Amino acid sequence: MAIAYVRRVLLDLGFEEVPERLVPASLGLSLWVSLPISELTDRSPKQLVADDDGRTELRQWIADRLAADV
């Protein structure tokens, strides 16, 4: 579910592929969604997509991260 959610967010933001600046190719999306993100109180994307607030927080974090790297 987390992978599908992240892909949908990326499509909504105009990204066909997962940008390497978000998910390093060496990790891959399936591993990345299991890793804690320090800026999100050490919760993983898998944990965040479990509820509406977490999904909103993850979406905003992804948007901010991609906007900052432009």
Side-chain angles (χ1 to χ4, degrees):
M1 184 166 137
I3 292 172
Y5 180 77
V6 170
R7 287 190 185 278
R8 188 171 51 242
V9 168
L10 291 171
L11 283 173
D12 288 348
L13 295 173
F15 293 89
E16 295 286 326
E17 298 292 323
V18 179
E20 190 164 326
R21 63 185 188 254
L22 180 65
V23 179
S26 61
L27 286 180
L29 190 57
S30 59
L31 177 59
W32 179 82
V33 296
S34 299
L35 298 175
I37 299 172
S38 61
E39 296 95 349
L40 298 171
T41 61
D42 286 324
R43 292 175 291 162
S44 71
K46 276 186 178 179
Q47 292 169 313
L48 289 162
V49 300
D51 63 61
D52 290 338
D53 290 339
R55 284 189 295 276
T56 300
E57 191 174 354
L58 179 59
R59 179 184 181 82
Q60 187 61 54
W61 181 84
I62 290 170
D64 292 347
R65 174 115 185 201
L66 293 175
D69 288 341
V70 172

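What you are looking at is a predicted structure, and each value in this text was computed from that prediction instead of being measured.
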Looking at Gln60 and Glu57, would you say the former's side chain and the latter's main chain have a donor-acceptor pair under 3.5 Å? no
For residues 26-42, tabulate all N or O donor-acceptor pairs below 3.5 Å that involve a side-chain atom, not counting sequence neighbours.
| from | atom 1 | to | atom 2 | distance (Å) |
| --- | --- | --- | --- | --- |
| Ser34 | OG | Lys46 | NZ | 3.3 |
| Thr41 | OG1 | Arg43 | NE | 2.9 |
| Thr41 | OG1 | Arg43 | NH2 | 3.4 |

Does any part of the side chain of Leu66, heavy atoms only, come nearer than 4.5 Å to the side chain of Leu10, both counted from C-beta? yes
Taking all non-hydrogen atoms of both residues, which atom of Val49 and which atom of Met1 are closest, and how far apart? O-CE, 3.4 Å
Taking salt bridge (charged side-chain N to carboxylate O under 4.0 Å, His left out) as the definition, give me every residue that meets it alongside Asp52, ordered by chain and number, with sequence neighbours left out. Arg55
Indicate yes or no: at least one non-hydrogen side-chain atom of Val6 is less than 4.5 angstrom from one of Leu58. yes
